[in-house]
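Shown next, in structure tokens, is the structure this report addresses.
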There are 2 protein chains.
Amino acid sequence: MVERSLNEHLSHLLAQANRHLSRQLTAEGVSLDQWRLMKVLSESGGLPMGKLAEELALNLPTLTKLVDRMVQDALVYRVPDPSDRRKVRMFLSDKGTSMLASQNKRVEEHEAKVEDNYGNEDAQRLKSMLESFIKQIV
Amino acid sequence: MVERSLNEHLSHLLAQANRHLSRQLTAEGVSLDQWRLMKVLSESGGLPMGKLAEELALNLPTLTKLVDRMVQDALVYRVPDPSDRRKVRMFLSDKGTSMLASQNKRVEEHEAKVEDNYGNEDAQRLKSMLESFIKQIV
DNA sequence: TATATACAGTTTCCGATTAAACAATTGCTC
DNA sequence: GAGCAATTGTTTAATCGGAAACTGTATATA
């Protein structure tokens with residue numbers, strides 16, 4: 001049983017890859033979580049907070065405050081669910097929609113560059129491996 | 001040019017995978033950054049702050065404060081570099097060494113479980129793909 | 001229907017992160 | 001070698017994140 005080095009640990013590799021990519025997006029003016037939140041809402045509007053938190057792997061208090069800020073900026077809005085008044089359904093505003101469009105462009109461009117450098121087939125395979133990994137770890 | 005869904009974006013997949021794994025380790029009593037820091041120091045002791053920040057993709061002020069806390073807990077210690085007095089070299093203490101040993105065990109066990117579920121060959125391939133991805137994106 | 005229990009979000013309090021300014025040391029250039 | 005720029009790391013002030021407590025609503029049970 002040999003000692004494994006840091007680079008052989010999945011947790012480290014994922015942390016590194018995530019941070020570098022996320023930093024580069026921040027430098028492009030894209031906050032990863034805000035973007036992911038808007039993108040989820042554009043794909044399935046009206047999600048309650050709990051589902052959103054699941055989809056983005058954020059915990060609820062963190063999400064509440066992220067949403068507070070985005071409501072301040074008029075990017076999203078809350079609608080209380082009439083059939084269950086504990087629930088709050090979230091929607092993307094018009095401003096959010098156009099903000100999302102411009103950020104989508106930056107993300108797409110940046111990822112295209114990264115994936116080109118890495119090799120497009122490999123990037124594709126990496127993504128599908130991550131997707132099944134996530135399904136399995138959740 | 002079709003619109004890509006969130007699950008087809010590398011940035012999202014990496015964020016999800018990283019968060020789930022990191023959460024699970026936290027639940028096992030392992031703080032990912034502390035563990036990574038101790039592990040780097042055990043592999044190459046005496047690194048200056050700047051190198052450490054690079055190795056872990058932390059920015060320097062964050063690292064300074066992480067180290068402050070870990071010095072408080074006597075896990076690591078600072079040694080000013082005599083040949084360049086701007087530099088601070090970091091070392092793992094005895095307490096840090098034994099703490100690292102116990103956390104290594106928990107991380108190894110947890111990752112072994114995760115990798116078994118995912119399939120060991122695939123996990124191996126995922127890791128080497130991530131490794132080359134990181135080299136390329138930095 | 002009254003009470004208890006579970007559920008969905010928010011708030012609070014404290015710890016952690018960030019960007020910007022700062023201090024100390026070294027290296028360069030004239 | 002004097003003055004200026006670059007480097008290494010820390011500090012400060014403001015923002016953000018997380019665990020636990022709390023509010024309000026729905027559901028189950030008697």
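Every chain is numbered from 1 and lettered A, B, ... according to where its sequence line falls, protein lines coming before strand lines.
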Write down the distance between CG (A:Leu63) and P (D:dG17), rounded to a whole number of angstrom. 11 Å
Is A:Glu115 salt-bridged to B:Arg4, going by a charged N under 4.0 Å from an acidic O? yes
Of C:dT18, C:dA16, D:dA19, the nucleotide closest to the side chain of A:Lys65 is D:dA19
Nearest-nucleotide wise, let me know which of B:Lys87 and A:Pro61 is further upstream toward the 5' end of DNA chain D. B:Lys87
Whole angstroms only, please: what is the CG-C1' distance between A:Leu56 and D:dG17? 15 Å
Salt-bridge test for B:Lys127 and B:Asp122: reply yes if a basic N is under 4.0 Å from a carboxylate O, no otherwise. no
Salt bridge (charged side-chain N to carboxylate O under 4.0 Å, His left out) for A:Asp84 and A:Arg89? Distances and angles first, verdict last. CA-CA 10 Å; A:Asp84 182 343; A:Arg89 312 205 94 95; over 6 Å; no
Between B:Leu66 and A:Leu60, which has a closest nucleotide on DNA chain C that is more 5'? A:Leu60
Rounded to whole Å, please give me the gap between CG in B:Leu32 and C1' in D:dG17. 16 Å
When we call it a touch if two heavy atoms are under 4.0 Å apart, what does B:Arg89 touch: a base, just sugar-phosphate, or nothing? nothing
Just the rounded figure in Å: distance from P of D:dT15 to CD of A:Gln34. 15 Å
Under 4.0 Å between a side-chain N or O of A:Arg23 and OP1 or OP2 of C:dT17? no
C:dT18, OP1 or OP2 - any side-chain N/O from B:Thr62 closer than 4.0 Å? yes
Would A:Arg19 and B:Asn18 count as a side chain to side chain contact (heavy atoms under 4.5 Å, CB included) if you check the C-alpha gap in whole Å, the side-chain angles of each, and the deciding distance to 0.1 Å? CA-CA 9 Å; A:Arg19 284 194 190 162; B:Asn18 177 50; 5.8 Å; no
Between protein and nucleic acid, restricted to nucleotides 25-29 of chain D and to nitrogen or oxygen atoms under 3.5 Å apart, what atom pairs and distances do you find?
residue: D:dA26; atom: OP1; partner: A:Arg85; partner atom: N; Å: 3.1

Salt bridge or not for B:Lys39 and A:Glu3, using N-O below 4.0 Å? yes
Quickly work out the A:Leu58 CG to D:dG18 P distance and round it to whole Å. 8 Å
Side chain of B:Thr64 (C-beta onward), nearest among C:dT17, D:dG9, C:dT11: D:dG9
Here the distance between atom P of C:dC7 and atom CD of A:Glu54, to the nearest Å, is 13 Å
Give the rounded distance in Å between these two atoms: CG of B:Asp33 and C1' of C:dA16. 11 Å
Under 4.0 Å between a Lys/Arg side-chain N and an Asp/Glu carboxylate O for A:Glu55 and A:Lys51? no
From CA spacing to verdict: side chain to side chain contact (heavy atoms under 4.5 Å, CB included), A:Leu63, A:Leu52: CA-CA 8 Å; A:Leu63 178 61; A:Leu52 267 178; 3.7 Å; yes
Is there a side-chain polar atom (N or O) of B:Asn59 under 4.0 Å from OP1 or OP2 of C:dT17? no
Please give, in whole Å, the distance from D:dG24 C1' to A:Met49 CE? 16 Å
